[in-house]
Structure formats: C-alpha cells, structure tokens
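Below you'll find the structure, written out as structure tokens, and then a few comments.
Quick note on labels: first sequence line is chain A, next is B, and so on, each numbered from 1.
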Amino acid sequence: MSQYDPAVTEPYWQAAWDEAGLFTARRDPARPKYYVLEMFPYPSGRIHMGHVRNYTMGDVVARHKAASGYSVLHPMGWDAFGMPAENAAIERGGHPKDWTYQNIADMRGQMKPLGLSIDWSREFATCDPEYYGQQQALFLDMLADGLVYRKNAVVNWDPVDMTVLANEQVIDGKGWRSGAAVERRELTQWFFRISAYSGELLDALDGLKDWPEKVRLMQANWIGRSRGLQFAFTLSGAPEGFDRLEVYTTRPDTLMGASFAAISPDHPLAKHLERHDPAVASFVAECRRVGTSAEALETAPKMGMDTGIRVLHPFDNGWELPVYIANFILMDYGTGAIFGCPAHDQRDFEFATKYSLPIPPVFVAAGSDEGPMTEAFVPMKSEPVRYVRGFAGAEVQTGAEAVDAAITFCEANGVGHGVTNYRLRDWGLSRQRYWGCPIPVVHCDDCGVVPERHENLPVRLPDDVTFDKPGNPLDRHSTWGRVPCPACGKPARRETDTMDTFVDSSWYFARFTAPHAVTPTDAADADYWMNVDQYIGGVEHAILHLLYSRFFARAMHKTGHLPGKAIEPFNALFTQGMVTHEIYKTTDANGRPVYHLPEDVTEGRLQDGTVVEVIPSAKMSKSKKNVVDPMSIIAAFGADTARWFVMSDSPPERDVEWTASGAEAAFKHLSRVWRMADEASRAEGPAMPDDAALARASARAITDVTAGIEGFAFNKAVAALYAFSNAIQKSDAGPDARRDALKIMAQIMAPMVPHLAEEVWAMLGGQGMVSAARWPVADAGLLVEGDVTLPIQINGKRRAEISVPKDMPKDEIEKLALANEDVVRFLAGQPVKKLIVVPGRIINVVV
RNA sequence: GCCCGCGUGGUGGAAUGGUAGACACAGGGGACUUAAAAUCCCUCGGCCGCAGGGCCUUGCCGGUUCAAAUCCGGCCGCGGGCACCA
C-alpha cells in the first residue's frame, strides 16, 4: 500500500480486534476494574455527530484504562421504549416493535465502523422481554418494600387522545398532537417513593467529588431543602370535623405580620366545602381549568375566595384572620395551607392588595423607619433588619437568626415544631401508553390491587395491537387484560398502564454487569463491576435521569439487588458539549425561510450560485438542516478522522463546531502521520546526534498526552500529539530513533485513532496489536532538561533572558542576571530595591 | 425573581499567580509542477520604526502583589438551570 487508506485498514483492524476478543469484559480479581459508560442511545435509526463525540470520549477513556492494566467494562445498549415508536406506528402504520428493532439494527450497523472498544456481547434493548421482565421483578420487590405506591394525582389529560400528557407536551393549554384543550384530571397513578430519600440524595451530593459542581447544584436546587415551622391554627366557623388548620412557613419570624390564611383548592377543607357550597364549587372548578404546566401557572392571575371561615392567631386568640381558597397554593408542598404575610412575601402582597387585606410590616431595613409599601420587603436572610413586630430575640438581627429564634420560641410555647421540607415530589411512573414496560399488577374485584407472581414474569406486551384509534391499545385489547387474580384465582383485569421510560434507564447500568442473569443483577458481577467509574453524557440529563438513577441504586440496594458499595451509581460524571454547525438559509417567494444542507453549500453559495445567509453555529437539527451525517464522513475520510476531529480543539465539556475544512485538516494530519511511518519503516542509516532530543520529545509527549486523557482534556492531548508529530517531522534524528518515536506515537494516539495506530504500529514492527500493548511510561530522566531558560523581568516587564544549568544556586543566578547586558542597559545605574528569583521559572528585578 | 457559569487574535482554543496567544482552522507569501491537486517552507494580535527595538493588548473600572487572563470588589455583556415551593 502506498497511501493512507482507512476504507481498507479500518474494517481490517476491527475484524482483528473482534477475533482476538480484545474488548470482552472479564471479571479478573487480580486486576483493578474500570467501568466506563456513555449514556445509551435512543434508537432513532441514525447516529449523529453527538453520538460520535460521546462514544469516542468513552472509548478514549476505556482504551487508555485497558492499556494501563485495568479490567475494563465498556458496554452498549438501547433505550428502546418510548413514544416515537408509537407515533411512527400511528403515522405510517407498522408495529412499534418492528420499527424499534429495525432502527437498532441500523444504528448498530453505523456504530460498529467507529471502531469502539465495546463489549457487544452485553448488548440489550430495554424493550427486550428479558430486560423489562427483570424490571418488573424489581418493581414487585420495591412494591413489597413500600418504595412504590398508588395515589390520586392531578395530571394533564388530553380528552381526544385519551392519555396523560407530560407538561412539555402541553402547548398553550392544548395537547400537542390533538390540539384539544387539556384538562386537569385526578387519576390514580403509581408513584416511586423517591421523596423518602430526599435528605439522603441531597446530603450524598457532597460525596460526589468527581461530578460537575453545576450538576450537583442543579440537583440540590431540585431537591430543595427548607427549614421552617409547622403549626396549627384553631379554626372558627369551620364545618364539623375541621377544628385545626396545619400550615408550614419558612419565615415564622413574620408571624406577627399575618393578615390571612390560604388553602389550596385541593386541600381537604376546600374539597369538603366544594361538596356543600356551589359558590366554592364553581371557584374551585375555575382554578382547575388552568393547566398544570409551568407556562399556565406563570400567566395565571392570583385568585382567591373568602370562605367565611376564620382562624385564630396562635399568639392572640382575639385576633382573627380570614381563610381564603387561593389558586397559587400547592397541595403537595408543605401542608397545602399557609398564613399570608403580605409585607414580606411578594405573592401575598399582590393577593392582599387585590383583596384589600392589611399589610402590617414585621421588620424594616436596619436604620430606617416604617413607611408606606409599594411591594413586599424581602431581604436576604443573611441581611440584618430591625424588627418592629418581632416576638423572639433581638430587635436587630438577620432573618436567619430570627427564624431560628422563632422556631425555638414557638416550640417552647407549644406552637408547632421545626420541620424540614423538600420540594422533591414522588415520581409518577404511570403512562397510558403501549410501548413501555407493563406494570405487573392485577386488579381484582375481591382482592383489590394484587402484584403479579414472580413466576409469571415477564408480563409481555401483546404483539397484536392496533393504533388506528386514540388511547392506549392495551385498554381495548380483547384478551390480554383478562387474567386470573394471582391471589384468589378469580377472573381479574391486568393493569394497562406502562412505566415511564425513565424507569428503563434508571438501572440499565447495573444490568450491564450481568445482562443475561435470571435475576435483575448477579451478586458477584455487580459486586465486582459496580459502581460505574466514569459516566459520560449530555447535561440535559443533569436532573431527571441522574437523580432517578441515584434513587434506583438505593432502592436496589434496599431490595437486595445491589451490594452495599453501590449506593451511588456513578462515581464520576462528565457532561460533554454538543456538536454544532453553521446554518445556511435562503428565503422563498413567500418570505419563508428555506434551509440548506452543508453538503449543498460551497463557499457560501448553492449550486446555482445563490448566496446563502450564514447563521452562526447551533446544535445540529434536522429542521435547520445543519447536520453532518457521520456515515458520510466515515465514507469520505474514515472513522479515525471523525474521532480525531471531535476530540480536537474544543474542551470536551464545551460545544465543538463541525467544519468541512476542519475535517479535511484532520484527515490530512492523519495521512501525514501514516506517511511518516511509511517512510520510517523503509529508512536506513546511522544514529544521529539529534536522537537524544527526539527521545526527550517522546517523553514529553507521553507525559502531556497522558495528562490530557486523565484530566478529560482531550483537546490538549490532541494538541500534544500535533506538537509531537511536528517534532518528529522536523527532527534530524536517525531512522531507529524515528521509528522508536513513531511507535510511542502509535501507542499514545491509539485511544483517539485506534485504526491508524494499529497500522503505524504494524508498519514499524510493533509486537502484537497496539490495542493490547501496555501504556508507555515516560523516562523521568529525559524529562528534565540540563539547561533552563529564565526570563528576566524589570519591574514586571520581560526585558531579557538567560540560560542557566537547571540546578544552579540562587545566588549565582542573581549574579548572572544582574550582569546581563540588557539588564544593565535597562537599569541605567538605578539601584536594585529587590531581586526575586523563582527557581526554574522567572527572575524579577525591582528598582 | 432566585441559583450557576462564561467573556483571551479573524476563528476554536492554550496558559489557573511567574515569558499571554501552545496546538489547530482560516488568511497572506513562496518552492515543486506545463498546469492543477497533493506535499513542503515562511508569515500571521494591534500600533510605531529602514532596522536594532519600543509601546499597547485577555469585556470595562478599581484593588491586592515584586509579578494578575488567573485572586478580591464593582459594573457591562452573553449563556444555562429553576421558578406561585410559603
């Protein structure tokens, strides 16, 4: 062969790796293990550049760890349940199952040419009955342990499609598909008791040192701990059975600023009134009409209705406050009831203004007096304020001090107790959808809700379903739902809801450790491989997927499916940036935008010469057509070029812009490396004086590339490899030294460009395959230069430099520096006030 | 509104207190070639100067330090997350 030809060499080496079984993960008690995992893909049918970047990062880590002596687990699978498969069936006919498995086959076919060091023997899809059957087993164990339960919940209900919609699927109060006005409906749904772990999930974030600070903060905010006081008002004029009203507040120090109490429309008291009072009923109905989406809540005006009921202030039984039903009170936070303090809460202020309620201030800014208020005064809790209606502690103190004092005072006086609350709510997992994991329970008229027996798992999805009508096909299946009650044997009905697809992805990492086990996990395998040492994926999963997985690790531990050490699923997390591309736009005759694929645009023009508008880089998306198909890059340049490009230039946590010129340049560089190896393999000649310098460059490269990979700075590893190849190219070293350097290059570039590395290694007579070779160690003796160049600053400005032996004593350096002719010229006889010598670094002369 | 991050040449970025701009893309010049491609060499932050060289420069203003892109304070701009959470 006379030139770099990845189309030939890449398939060759992939076959060689397969044949050698190089990537098959094996439990090896003699070696440390390393489990590296990239977030598994949804099988859309096509891989995109984001996949290439994500899996290449994981592959770099996996290959480097394998070369460094670790027993590596690097698996791949498919997050295969979900709505796109059903939507495809609805829109184009066919079956979700066929659509999904065909997509998996297509994507696997596109991923294999990337040459990833994946153990494909562990591959599974979450829609495999072998997988979701084990998930059902987990569900039953969690049910038995009280980690799953049923309750009524308010959801977005699409009356046309007859399904629950996620908040994201409600647009302007209408279903995204049907366009029907979405209703708030109360349904009985299954929930995971994730809130039982609120405190622990929050506290344990501190231990996740190798997670991005940003993700930990987002999770902490999401869990949302607050400390406050819960106490009961005595009710007056309330219906029979309602004599006390529990409320929760984080600002008990503002109790003397109370001007009303308010309850949620879903509060038991409101529901009671709703049944007996038509006015209340119509008001509550009005509140319900507004959706639960964030957008709907944001735009909804504050509404309230005086119930006529009164509460007595806990510190003054003669002080009565009106009780309102208010639309902005959430039933599932705190107690679903509050006391309103309009002076120090903006919502309460707006409410009080609207309904002409008093606004008594509790504190004022330190050093100022009471005055008329145009908005609520809400200072930072760390800011000292002067209390004019305080009841515990000093007159001037911070909000935080006042809250603590108020809780202590209230507890001592029998008014409630301190309580810690969390924003995190239980995870509703029921979906009225076909293409998901069936919830393995049966509804019996006599026995109620009965768990399916373990021996009847998996509860398989039926294949004979139709999608010609809206709603869940499982509901209208003629036979699937009819089963005997697992408890009494009488005819009963299967649960037809399926699980949220987030359940599938909450434990797949554990299943990879023993993908064929007849229980959810295998104790020995899980014990050896867990936890995932390095997890890599998009930051868009910072909260839901990563929090659910952390919950599942705990739930699986509690139910005996994970060993003790695996309380956290992912020891280290890396969130990678996107691959972006410019957008090319023209406008049609009607003024509508028309987008063009990058391959149709050359130097800013279409084929017919039309100039396109170039919009700066954005995430690759089909609708903007700014996509580059990895398969076309592999066809044109090979997988190594695609891998090299996505590792280059941008730090991995940031976005990287794909450019045609960059891809071409990557290919040119790899070709140059190939040529250097080709020439070196045939060169003859004696050793040369430059051999030692090249050996030093090799040591430098090993150090820098290793540091880049281990520090997740692949762009710096790539830069070090560029510098190394420049050094080899420019070197006047002899052929043996060049071959040695190039073999080291093959070893340290192998994680990024494994096929080319094998090729170079083979050309230069390397032993075996470079993918099986040990990671090279830099010779420490070569790293230290004999002489160092020290810049000399005068008053902080660089004016000269001297070259001195590395270990020259400080005082001699000082003498040399002051004797330097440039220094003498700049000093012009001025006396030196101070002389700073930082060994090996710099000299600064202060005058 | 609350929380967080970022700001360095034409571009992506490097340097986390010690020579700012490594490495690369784009640009400019040259060699080879009948020509092109490929390849190789030089140049490439701004201003002044024939040159040796000098001055300026990390969003803006100030501070700490012998020394600041880096640490501290304030401002401006961009991006992300959460959001009726009592």
Passing candidate, side-chain contact (heavy atoms from CB on, under 4.5 Å) with Ile329(A), options Ile338(A), Thr335(A), Ile263(A), Asp266(A): Ile338(A)
In this structure, which one of Ser650(A), Pro652(A), Pro651(A) forms a side-chain contact (heavy atoms from CB on, under 4.5 Å) with Phe714(A)? Pro652(A)
Main chain of Leu835(A), side chain of Asn844(A): is a donor-acceptor contact present, judged purely on distance under 3.5 Å?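 Pair absent, no side-chain N/O of Asn844(A) close to backbone of Leu835(A).
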Is it the case that the side chain of Asp640(A) and the backbone of Leu756(A) share a donor-acceptor pair, with hydrogens and angles ignored and the cut-off at 3.5 Å?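 The answer is yes, because a donor-acceptor pair under 3.5 Å joins these two groups.
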How would you list, by chain and number, every residue that makes a side-chain hydrogen bond (donor to acceptor under 3.5 Å, both in side chains) with Glu246(A), sequence neighbours excluded?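 So Glu246(A) forms a side-chain hydrogen bond (donor to acceptor under 3.5 Å, both in side chains) with Gln230(A).
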For nucleotides [N] and [M], find the distance between their [atom1] atoms and express it as a whole number of Å.
| N | M | atom1 | answer |
| --- | --- | --- | --- |
| rG17(B) | rG79(B) | C1' | 28 Å |
| rC56(B) | rC50(B) | C1' | 22 Å |
| rG45(B) | rG21(B) | P | 10 Å |
| rG18(B) | rG28(B) | P | 37 Å |
| rG46(B) | rA36(B) | P | 29 Å |
| rA20(B) | rA37(B) | P | 40 Å |
| rC2(B) | rU11(B) | P | 34 Å |
| rC66(B) | rG74(B) | C1' | 26 Å |

Map Asp345(A) and Val718(A) onto RNA chain B by nearest heavy atom, then report which one ends up closer to the 5' terminus.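 Here Val718(A) is the residue nearer the 5' end.
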Using heavy atoms to find the nearest nucleotide of RNA chain B for Asn715(A) and Lys214(A) separately, return the residue whose nucleotide is more 5′. Asn715(A)
Evaluate Ser198(A) against Arg225(A) for side-chain contact (heavy atoms from CB on, under 4.5 Å), listing each step before the verdict. CA-CA 8 Å; Ser198(A) 298; Arg225(A) 174 152 48 202; over 6 Å; no
Of all the choices, [options], which nucleotide is nearest to the side chain of [X] once you look at every atom?
| X | options | answer |
| --- | --- | --- |
| Ser650(A) | rU19(B), rG13(B), rA24(B) | rG13(B) |
| Leu330(A) | rC25(B), rA83(B), rA86(B) | rA86(B) |
| Tyr333(A) | rA83(B), rG81(B), rA86(B) | rA86(B) |
| Leu217(A) | rA14(B), rC3(B), rA86(B) | rC3(B) |

Gap between atoms [atom1] and [atom2], on [X] and [N] respectively (whole Å):
| X | N | atom1 | atom2 | answer |
| --- | --- | --- | --- | --- |
| Trp644(A) | rC23(B) | CH2 | P | 14 Å |
| Tyr422(A) | rA86(B) | OH | P | 13 Å |
| Gln729(A) | rC23(B) | CD | P | 14 Å |
| Asp348(A) | rG1(B) | CG | P | 19 Å |
| Phe714(A) | rA24(B) | CZ | C1' | 18 Å |
| Phe667(A) | rU39(B) | CZ | C1' | 14 Å |
| Glu653(A) | rA14(B) | CD | P | 8 Å |
| Lys668(A) | rU39(B) | NZ | C1' | 10 Å |

I'd like to know if Lys716(A) reaches the base of rC23(B) with its side chain such that a donor and an acceptor end up less than 3.5 angstrom apart. no
Can you list, in residue-number order, the parts of residues 834-847 of chain A that come under 4.0 Å of RNA chain B, counting heavy atoms only?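 RNA chain B contact set from residues 834-847 of chain A: Lys834(A), Ile836(A), Val838(A), Arg841(A), Ile842(A), Asn844(A), Val846(A).
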Contact list for RNA chain B against residues 791-800 of chain A - heavy-atom distance below 4.0 Å: Pro791(A), Gln793(A), Lys797(A), Arg798(A), Arg799(A)
Heavy atoms under 4.0 Å, any strand shown: does [X] hit a base, just sugar-phosphate, or nothing?
| X | value |
| --- | --- |
| Phe826(A) | sugar-phosphate |
| Asn726(A) | sugar-phosphate |
| Tyr722(A) | sugar-phosphate |
| Ser226(A) | sugar-phosphate |
| Thr250(A) | sugar-phosphate |

Is Asp822(A) paired with Arg825(A) through a side-chain N to carboxylate O contact shorter than 4.0 Å?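 Here Arg825(A) pairs with Asp822(A) in a salt bridge, since their nearest N and O are under 4.0 Å apart.
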Scan residues 215-224 of chain A for pairs that pass salt bridge (Lys or Arg N to Asp or Glu O under 4.0 Å), counting only residues two or more places apart or in two chains. Glu213(A)-Arg216(A)
Arg654(A) side-chain N/O to rG13(B) phosphate OP1/OP2 under 4.0 Å: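 Answer is yes, contact under 4.0 Å.
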With a 4.0 Å limit, can you tell me whether Asn421(A) has a side-chain N or O closer than that to the phosphate oxygens OP1/OP2 of rA86(B)?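 Checking rA86(B) against Asn421(A), no side-chain N or O comes under 4.0 Å of OP1 or OP2.
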Before giving the answer on side-chain contact (heavy atoms from CB on, under 4.5 Å), spell out for His344(A) and Arg251(A) the whole-Å C-alpha distance, their side-chain angles and the decisive distance to 0.1 Å. CA-CA 9 Å; His344(A) 305 296; Arg251(A) 292 308 297 260; over 6 Å; no
For [X] and [Y], I'd like to know if the aromatic rings sit close, meaning centre-to-centre distance below 6.0 Å.
| X | Y | value |
| --- | --- | --- |
| Tyr355(A) | Phe260(A) | no |
| Trp644(A) | Tyr722(A) | yes |
| Phe645(A) | Phe667(A) | no |
| Phe328(A) | Phe351(A) | yes |

For rG9(B), does the glycosidic angle fall within 90° of 0 (syn) or outside that (anti)? syn
For Arg389(A), salt bridge (Lys or Arg N to Asp or Glu O under 4.0 Å) partners two or more places apart: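 Arg389(A) satisfies salt bridge (Lys or Arg N to Asp or Glu O under 4.0 Å) with Glu370(A) once adjacent residues are dropped.
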Write out the stems for RNA chain B, ordered by first number and formatted as range with range, counting runs of at least 3 consecutive Watson-Crick or G-U wobble pairs under 3.5 Å. B:1-7 with B:76-82, B:10-12 with B:23-25, B:27-31 with B:39-43, B:45-48 with B:53-56, B:59-63 with B:71-75
